[in-house]
Amino acid sequence: MPDQPNRVCVERVDWLALFPFLHLFRGFRMALHPGKLLLALLMVLGVYLGGLGLDLIWGPRVHPGELDRYLTRSPQDYAQWVQWMDDAAAKGDLGRSDPRQGIFQTILEVELDAFQRLVVSATSLNFGVTEFLAGQGLQSGGVLGSLLTMIVIVPGWLYRTHPGFLAVFLLWAFLLTALFGGAISRLAALQACRDERISPFAALRFVGSRYPWFVLAPVIPLVVALLLGLGLALAGVLFNWRVTDVLASLLFGLLLLGGVAIALTLIGLVLGSSLLFPAMAVEGADAFDAISRAFNYLLGRPWRFLFYWATMLVYGAVTYLFVGLMVYFSLWTTKAFVGWWVFSDTPAGVNRFDAIFPSPRLGELMYQVDWSALEGTGTGSVAAVLVLVWVKLVIALLPAFAVSFYFCEQTWIYLLLRRWADGAELDEVYLESGDAQDSPAATEPPDKLEPAASNSNAGSS
């Protein structure tokens, strides 16, 4: 009788211990936590209302199609077109009403369109790496092309045409991100490490006591790069005269080292800035310690960092589409049932509720009210404004989810990189007395890094 082959019976596999990156797939449920969604919603509304306020201050400045022309035409053609449009507007050739629109309204439309392309590209695994490396830049499409539009091209257009608006808007958005993004990171850190949920107000208190560090953390590397650049510029003055240009050439190797230092600093800032808030939320660290940790983890594990980011983008795009579908069906069912027994029409012959609340369309949730159809309806216009506010609040949950998901995932990425670089367990997190008060499960001494015994096996490999 032949020998029976040896067989192994596996009763249970700890997949999180075997493949730690699977922790990233816990970000969806974490991002839907009401406290994180509330903070993210406040951040989104703050940025949106701030942009609208700046539009009121700056007034209509952008010609229809101006930004699209900047994205698709040469700089010379764009400059000539803008000059022609400005001259036409000054002469009144464009009509009595000024067709120009606000700066924030313009960039919001382009940024939303680029974000939609980012989501579609990520779900189809089209990262656009080959086209980007081939020098196609904006035309490369895919994830990289969309990101290039969002974080380089549009800010570059603002810097060229409306630098004052860019400076004020970036400052306002950055201050809000430091406050609410830091608080979301703190909520995510405690939930990820100890499965504890403190209140959003406790997270805001945590950030408030360290708010200068949250603000300075992304600024310090930029200041260092600028100071190094100033030093290179001063050294470059030596090339203006005889003999000193030879001396500067002999020392040019040092200048190249300075350029390498600037490049590494800027690359670390662009890629590693996403780890700064999680570092301070997890470690309770100051800005300098957070910068040191973020740069060390990024430069020490660059391929692992890029893998985590690619996983986050694909998973985030899929979950974003799911949440968007839920928002659409919520609006659609509300529209269908509330308008079921609305029989009266407006003087324009349109159903009254259809005029107040136009039907949402999948992929185009930001609908436009036809105000002309509401003429002669009395309070119909007031009702349409109120309904529009409520609907926009519901729609705002979609970008709020994206913000919450981003900071939750960045917290997980930080914890995973820290584990690989320092050997720290995933359940080690900084605690303070406020956390123990807000969470009855927290019994360890405050103000130190303390692992949760119940989760000690989950973080080991």
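Considering every non-hydrogen atom in both H63 and V82, the closest pair reads NE2-O, 4.4 Å. Closest approach of T123 to V318, counting heavy atoms only: CG2-N, 3.9 Å. Closest approach of L175 to Y211, counting heavy atoms only: O-OH, 2.7 Å. When all heavy atoms are compared, the tightest approach of P221 to T265 is O-CG2, 3.3 Å. When all heavy atoms are compared, the tightest approach of I184 to K36 is CD1-O, 4.0 Å. Closest non-hydrogen pair, V394 versus L331, comes out as CG1-CD2, 4.1 Å.
The pair D68-R73 does not meet the salt-bridge criterion, since no charged nitrogen lies less than 4.0 angstrom from a carboxylate oxygen. Taking 4.0 Å as the cut-off between side-chain N and carboxylate O, R100 and E66 do not count as a salt-bridged pair.
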Practice problem: For the pair L179 and L204, evaluate side chain to side chain contact (heavy atoms under 4.5 Å, CB included) and give the outcome as yes or no after the intermediate values. | Solution: CA-CA 7 Å; L179 177 62; L204 287 174; 4.0 Å; yes
Practice problem: Could you go through the side chain to side chain contact (heavy atoms under 4.5 Å, CB included) check for L271 and W309 one step at a time? | Solution: CA-CA 10 Å; L271 298 179; W309 255 84; over 6 Å; no
Practice problem: Might you work through the side chain to side chain contact (heavy atoms under 4.5 Å, CB included) test for D354 and K335, ending with a clear yes or no? | Solution: CA-CA 9 Å; D354 289 339; K335 161 75 176 178; 2.4 Å; yes
Quiz item: Are E283 and R418 close enough, and set up right, to give a side chain to side chain contact (heavy atoms under 4.5 Å, CB included), and what steps lead you there?
Solution: CA-CA 11 Å; E283 314 292 348; R418 184 187 68 167; 2.9 Å; yes
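For an aromatic pair to be called close, the ring centres must be under 6.0 Å apart, and Y414 with Y297 satisfies this. Aromatic pair F115/Y320: ring centres closer than 6.0 Å. Taking the six-membered ring where the residue is Trp, the centroids of F405 and Y315 are separated by under 6.0 Å. Centroid-to-centroid, the aromatic rings of W340 and F337 come within less than 6.0 Å. Between F307 and F21, the gap from one ring centroid to the other is short of 6.0 Å.
For W390, the CH2 atom sits in a loose shell: 12 or fewer heavy atoms of surrounding residues, nucleotides or ligands are nearer than 6.0 Å. Other residues, nucleotides and ligands contribute more than 12 heavy atoms inside 6.0 Å of the CZ atom of F174. Applying the 6.0 Å contact sphere to CZ of R29 captures no more than 12 heavy atoms from other residues, nucleotides or ligands. Residue W172 qualifies as open at atom CH2: its count of foreign heavy atoms under 6.0 Å is 12 or below.
Using a 4.5 Å cut-off on side-chain heavy atoms (C-beta onward), V429 and L431 make contact.
Between F407 and F277, the ring-plane angle classifies as parallel under the 30° and 60° cut-offs.
Geometrically, R210 engages F206 in a cation-pi contact, judged by NZ or CZ lying under 6.0 Å from the ring centre and within 45° of the ring axis.
Between the side chains of Y78 and W157, at least one donor N or O lies within less than 3.5 Å of an accepting N or O.
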